[in-house]
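No hydrogens, no waters, no symmetry mates; every other heavy atom, side chains included, goes into these values. Below, chain A is the first sequence line, B the second, and so on; all start at residue 1.
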Number of protein chains: 2
Amino acid sequence: MSPKLQHATRFLDAGTVAALFARKGVANCIAGLADYIRDDFQRWDAFDKTARVAAHSPHGVIELMPVADRALYAFKYVNGHPGNHRHGLSTVMAFGVLAEVETGWPLLLSELTLTTALRTAAMSALAAGLLARPGCRRMAVIGNGAQSEFQALAFHRLLGVTQFHLYDTDPAATAKLLANLARLGLSARAFGSTREAVRGCDIVSTITADKTRATILTPDMIEPGMHINAVGGDCPGKTELHPEVLRRADVFVEYEPQTRCEGEIQQMPADFPVTELWRILADETLGRQGAADVTIFDSVGFALEDFSALRYLRDVAAELEVDAGISLIPDLPDPKNLFGYIPAVAGLARAA
Amino acid sequence: MSPKLQHATRFLDAGTVAALFARKGVANCIAGLADYIRDDFQRWDAFDKTARVAAHSPHGVIELMPVADRALYAFKYVNGHPGNHRHGLSTVMAFGVLAEVETGWPLLLSELTLTTALRTAAMSALAAGLLARPGCRRMAVIGNGAQSEFQALAFHRLLGVTQFHLYDTDPAATAKLLANLARLGLSARAFGSTREAVRGCDIVSTITADKTRATILTPDMIEPGMHINAVGGDCPGKTELHPEVLRRADVFVEYEPQTRCEGEIQQMPADFPVTELWRILADETLGRQGAADVTIFDSVGFALEDFSALRYLRDVAAELEVDAGISLIPDLPDPKNLFGYIPAVAGLARAA
């Protein structure tokens with residue numbers, strides 16, 4: 001470890017992480033994150049897992065997402081406030097910490113707003129790699145907001161998708177996404193409705209933000225063989241798929257106890273059958289079984305993906321020698337003398 | 001708000017908070033924290049409360065402690081690893097965040113290791129003010145580690161305690177505490193055992209760190225009228241008082257659901273009667289009822305105290321114009337264009 005960081009917590013702020021992603025290449029980072037996520041999901045039983053702790057309010061939710069194995073502990077703070085654009089703020093903002101289990105020492109504090117967009121896209125593409133038909137080339141992107149470029153990049157890089165069909169209720173968001181995809185050299189086309197956008201697509205990604213029981217996709221829009229990457233519905237009261245779409249498909253989830261409350265399946269009875277993705281990675285079960293099947297990844301975002309992301313960031317920062325640190329924890333010559341950390345000059349005279 | 005902080009999260013590192021406490025005076029800060037805690041406990045029903053989320057491991061525990069009212073959300077990360085001195089680290093290390101409920105925006109990130117010691121002491125003194133007999137002058141301090149100076153200062157400042165009787169299994173810790181109390185002008189004496197230290201004391205504070213079912217205090221040590229400030233036992237498997245001490249006393253707690261698992265009362269049946277302190281502040285119930293009663297504050301540490309502490313830190317930092325900020329969240333001209341935050345130079349060419 002860099003000597004500079006021996007008594008400091010490594011700190012990656014928003015600009016530093018953005019520069020780090022630019023330096024390595026965003027698609028390369030998405031691929032790297034997918035590898036780290038795959039590795040951690042394959043060690044599923046090694047983790048102490050819990051549904052995230054949510055504080056709901058009229059305009060949104062704030063969540064804490066902890067998870068740990070025997071060596072490392074991680075948590076993410078994340079909010080979801082669909083109306084935040086009115087305040088000039090992002091719908092989703094996040095940061096997190098990686099710590100040592102043996103001592104509680106915080107190793108790394110990092111921005112996770114940008115990183116969440118990459119790790120969500122990596123997880124979506126990882127899941128689609130297990131669930132979609134081989135040879136997918138065309139994906140619908142319903143919801144063209146902050147997450148959308150990352151999803152498109154992930155599916156291009158990891159699945160070979162080359163054509164993107166876009167729709168959003170906000171034409172400015174669609175224009176923004178079209179421009180960004182053009183700069184990336186990716187082929188995309190805007191449509192006038194969800195129905196028109198999804199027609200003929202191998203994969204449909206729904207990435208909308210309304211905290212409501214929406215029906216972005218209805219059963220008549222679904223074609224045999226489709227894989228649905230349902231990203232936007234991710235908390236109680238927030239869904240995108242008509243229940244009949246779920247009934248007619250094979251549904252896959254991250255951590256079932258959490259997805260039962262937060263995912264599309266919140267609309268279904270508690271015993272509606274779903275499969276946790278780790279089982280496919282552990283070769284316990286198949287993903288897609290037939291070419292005409294409809295598969296759904298009911299994505300909500302699970303803490304293990306942020307654990308993987310924080311590990312990835314720590315490793316990349318160390319590799320690139322990005323060693324900024326902060327003094328989050330007092331550095332005490334005698335750990336039992338915390339009082340001695342307070343400067344003596346003014347403090348003692350007024351201490352009592 | 002300082003213009004510098006409009007798109008940054010206010011950041012108070014360990015050294016900054018220590019300097020801030022020195023500038024205002026540690027005892028003054030403890031008194032200020034007690035006021036903020038009292039104000040928030042008097043609004044008990046306004047808060048969305050939950051027991052803290054703990055990740056246990058062989059050597060300790062890491063916890064997240066969220067709480068929110070309609071306007072503000074706070075959480076603290078804190079560990080408890082009694083063996084940490086062997087690694088040159090503190091048993092208890094902490095940091096936390098205060099955020100806006102309406103948007104999820106993180107207003108403040110702060111060290112909370114030092115602050116926790118002050119807020120724990122403030123809470124202990126606040127509770128004792130409601131529970132101990134009037135006119136207390138003599139307090140036993142069992143456990144002379146990192147928390148002890150702050151406890152002594154709090155009881156001196158808020159209750160008028162003038163004599164401290166010390167004991168610890170580690171003589172070096174006692175020597176450290178004696179030296180610090182002498183510098184503060186507080187009268188203290190070391191004893192050879194817990195039994196000898198508590199004899200004749202009005203208040204007994206137990207502040208030990210072993211993650212075990214200890215019996216620091218046994219029934220024969222308890223004198224009529226004593227108030228016991230039981231701080232050290234604060235997680236499952238970690239207690240300091242013999243069960244009979246609890247049975248013979250009136251026991252008061254912070255947030256009952258959490259204390260049932262973590263406090264001294266974990267040793268008792270689930271229906272063992274206890275009173276939440278807020279009820280005394282709301283005039284719903286009395287604290288101490290008779291001069292010969294034995295009262296116990298079964299302290300574990302509740303998230304609301306950290307909410308109060310973060311509010312206090314934010315207000316004091318603003319008052320003293322300590323306006324350092326960090327860029328934890330990307331500042332986006334268009335909140336839907338998160339992708340645009342990544343520097344274009346290298347990123348795009350390699351993005352796809």
message = If you count heavy-atom pairs within less than 4.5 Å of chain A, which of B:T16, B:V61, B:L89, B:L12 leads?
response = B:L89

ask   = Which one, A:Q147, A:H87, A:R86, A:E102, leads in non-hydrogen pairs under 4.5 Å with chain B?
value = A:E102

ask   = Between atom CD of A:E149 and atom CG of B:L338, what is the distance when rounded to the nearest 0.5 Å?
value = 8.0 Å

query = Between B:I62 and A:F75, is any pair of side-chain heavy atoms under 4.5 Å apart?
reply = no

remark   = One should read off an interatomic distance between A:F339 CZ and B:R183 CZ, to the nearest 0.5 angstrom, of 6.5 Å

query = Atom CG of A:D48 and atom NE2 of B:H56: how far apart are they, to the nearest 0.5 Å?
reply = 9.0 Å

ask   = Rounded to the nearest 0.5 Å, what separation is found between the CD atom of A:E100 and the CG atom of B:N84?
value = 9.0 Å

query = Are A:L64 and B:V53 side-chain neighbours, meaning at least one heavy-atom pair lies under 4.5 Å?
reply = no

query = What residue, out of A:T50, A:D170, A:L118, A:L328, has the most heavy-atom pairs lying under 4.5 Å from chain B?
reply = A:L328

task = Mark yes or no for whether B:H81, through its side chain, and A:V101, through its backbone, hold a donor-acceptor pair below 3.5 Å.
result = yes

key: Non-hydrogen atoms of B:G104 and A:M93 that approach each other most closely   = C-CE, 3.8 Å

ask   = Are any of the side-chain heavy atoms of A:F95 and B:L109 separated by less than 4.5 Å?
value = no

request  = With a 4.5 angstrom heavy-atom cut-off, could you sort out which part of B:V97 is near chain A: side chain, backbone, both or neither?
outcome  = side chain

ask   = Which heavy atom in B:P335 sits nearest to a heavy atom in A:A146, and how many Å separate them?
value = O-CB, 3.9 Å

ask   = Distance-only, no hydrogens or angles: does the A:K176 side chain make a donor-acceptor pair with backbone N or O of B:K336 under 3.5 Å?
value = yes

ask   = So, A:Y341 versus B:F21, ring centres under 6.0 angstrom or not?
value = no

task = May I ask you to test the A:T103-B:H59 pair for a side-chain heavy-atom distance under 4.5 Å?
result = no

key: Region of B:A172 that comes under 4.5 Å of a non-hydrogen atom in chain A   = neither

request  = Give a yes or no answer on whether the side chain of A:Y77 reaches the backbone of B:P106 with a donor-acceptor pair at less than 3.5 Å.
outcome  = no

request  = Identify which part of A:A209 has an atom lying under 4.5 Å from any heavy atom of chain B, answering side chain, backbone, both or neither.
outcome  = neither

message = Side chains of A:I329 and B:S90, heavy atoms from C-beta outward: is any pair under 4.5 Å?
response = no

message = Testing the basics here: between A:A18 and B:P343, what is the closest heavy-atom pair and its distance to 0.1 Å?
response = O-CD, 3.4 Å

Flag side-chain contact, heavy atom, 4.5 Å: B:P330 against A:E111 = yes

Part of A:D331 within contact of chain B (heavy atom distance under 4.5 Å) = neither

ask   = Pick from B:L114, B:V17, B:L20: which one makes a side chain to side chain contact (heavy atoms under 4.5 Å, CB included) with A:I342?
value = B:L114

key: Non-hydrogen side-chain atoms of B:N79 and A:W105 separated by less than 4.5 Å   = no

inquiry  = Let's test your reading of the structure: which of A:T113, A:L177, A:N144 forms the most heavy-atom pairs below 4.5 Å with chain B?
reply    = A:T113

